[in-house]
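Read through the structure below, which is laid out as structure tokens, and then see the notes.
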Protein chains: 2
Amino acid sequence: MRISRETDYAIRCLIFMARRPLKVHTVMEVARPRGIPPSFLAKILQKFVKSGILSSARGVRGGFRLTRSPADITLLQVIEAVEGPISLNDCMVERETCSLASRCAAHSAWKEIQGVLAAKLGEYTIRMLADQEEYTPAFEAGIAEEGP
Amino acid sequence: MRISRETDYAIRCLIFMARRPLKVHTVMEVARPRGIPPSFLAKILQKFVKSGILSSARGVRGGFRLTRSPADITLLQVIEAVEGPISLNDCMVERETCSLASRCAAHSAWKEIQGVLAAKLGEYTIRMLADQEEYTPAFEAGIAEEGP
DNA sequence: CTCATATCGGACAATATCTATCTGATTTGA
DNA sequence: TCAAATCAGATAGATATTGTCCGATATGAG
């Protein structure tokens, strides 16, 4: 009943990138200041490219860039990009797993609760989180680089 | 971001026991009709005893029994009895894990979302779920025993 | 008193998932 | 042509989940 560390990394990464939404960031530029293992972050960024949150460019001046405004990226979108569609119980995804099938008493309850959770996650945007972050010298060092 | 199978077992178990709230159930009486591994269920029942949802009695006519009405047992209580206090993110529990400490932008967001989720889970009772369960011959076979 | 029944508690094994790394391939611009 | 980067897949290591087993203890029945 909790998000994975991967998802936590993913959110921190986007908050960081949102500081300079137009810049093309390399894996290392994001991983180092945020303390995320670079090769692990690379995997996460791939998922963002596949889900359309980021675009990527290979080669010398390549890297990753937000495809839309941080204000248009919700926590729900981020979580689903990384973990797949949210489902509180296995039987939400595959009905077969629900051993009591159609008469599973909890099924509709999970569905409702999940709906409330998803709605709430959809209210929070990366922009909101980024705006909230305090500025400190150490933090500034991380984002004070040249860019577009 | 999903409940464990253990929690799923736990809820099904309580729904089953709620059919006959005064009866003293043995592990086997609950495990067999619900298809839960008996020795695994035994562990779950221990947690319920520790959290006060069930009382237990050893020996020949021993077993487990609800300590209060199914209408007074919420999903939140059940989940917390099994999984411990709910926390969507590790940094909810141990602040040290939150690598950016006090300036973690997501911290307050998680706190709010978690609050909404907990509130929703607190709305659902075992009674509500048990009432919703359909009666079928196969199911009746499971609960049609002597007792309380 | 003895015995079968049941919970209690801990250790343990098997499995699955999560986290992280590495390697080779491909693309790109200087 | 070369260095810088992403891309894709394999794989190892760590951790969590799921499930089993066993000895200890308590209890009521005979």
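The sequence lines fix the lettering, A, B, ..., with proteins before strands; numbering per chain opens at 1. What you see is a predicted model; the values in this text were computed from it and never measured. Hydrogens, waters and symmetry mates play no part in the numbers below; they use all other heavy atoms, side chains included.
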Out of dC7(D), dT19(C), dC8(C), minimum distance to the side chain of Phe64(A) belongs to dC7(D)
Which ones in residues 37-54 of chain B lie close to DNA chain C, meaning a heavy atom under 4.0 Å from one of its atoms?
Lys43(B), Gln46(B), Lys50(B)
What pair of heavy atoms forms the shortest contact from Met1(B) to Leu88(A), and how long is it?
O-CD2, 3.8 Å
Out of the candidates Leu66(A), Val30(A), Leu45(A), Leu54(A), only one should pair with His25(A) under the side-chain contact (heavy atoms from CB on, under 4.5 Å) rule; please name it.
Val30(A)
Under a 4.0 Å threshold between the charged nitrogen and the carboxylate oxygen, would Lys23(A) count as salt-bridged to Glu29(A)?
yes
Could you check whether any side-chain heavy atom of Ile126(A) comes within less than 4.5 Å of a side-chain heavy atom of Val78(A), counting everything from C-beta outward?
yes
Arg32(B) CZ to dA6(C) P: how many Å, rounded?
11 Å
Phe64(B)/Phe48(B) aromatic ring centres below 6.0 Å
no
Please determine whether a side-chain nitrogen or oxygen atom of Tyr9(A) lies at a distance below 4.0 Å from atom OP1 or OP2 of dA20(C).
yes
Arg12(A) CZ to dT19(C) P, straight-line distance once rounded to whole Å:
13 Å
Would you say Leu76(B) ends up clustered with Ile113(A) if hydrophobic residues are merged whenever their side chains have heavy atoms under 4.5 Å apart, either directly or through other cluster members?
yes
Find the distance between CD1 (Ile11(B)) and CD1 (Ile15(B)) and round it off to the nearest 0.5 Å.
7.0 Å
Just how far, in rounded Å, is P of dT17(D) from CZ of Arg2(A)?
9 Å
Looking only at side-chain N and O atoms, does Ser56(B) come under 4.0 Å of OP1 or OP2 in dA6(C)?
no
Which heavy-atom pair separates Leu129(B) from Ala109(A) by the least distance, and what is that distance?
CD2-CB, 3.8 Å
Between C1' of dT18(D) and CD of Glu83(B), the distance in whole Å:
14 Å
Give every pair of a protein N or O atom and an N or O atom of nucleotides 26-30 of chain D that lie under 3.5 Å apart, one pair per line with the distance.
{"from": "dA26(D)", "atom 1": "O4'", "to": "Arg58(B)", "atom 2": "NH1", "distance (Å)": "2.9"}
{"from": "dT27(D)", "atom 1": "O2", "to": "Val60(B)", "atom 2": "N", "distance (Å)": "3.2"}

Whole-Å distance, Asp8(A) CG to dC18(C) P, equals 15 Å
May I have the distance from Arg65(A) (atom CZ) to dA5(D) (atom P), rounded to whole angstrom?
17 Å
Thinking salt bridges, do Lys47(A) and Glu83(A) make one under a 4.0 Å N-O criterion?
no
I want to confirm an ordering. Mapping Thr26(B) and Arg5(A) to their closest nucleotides on DNA chain C, which one lands closer to the 5' end?
Thr26(B)
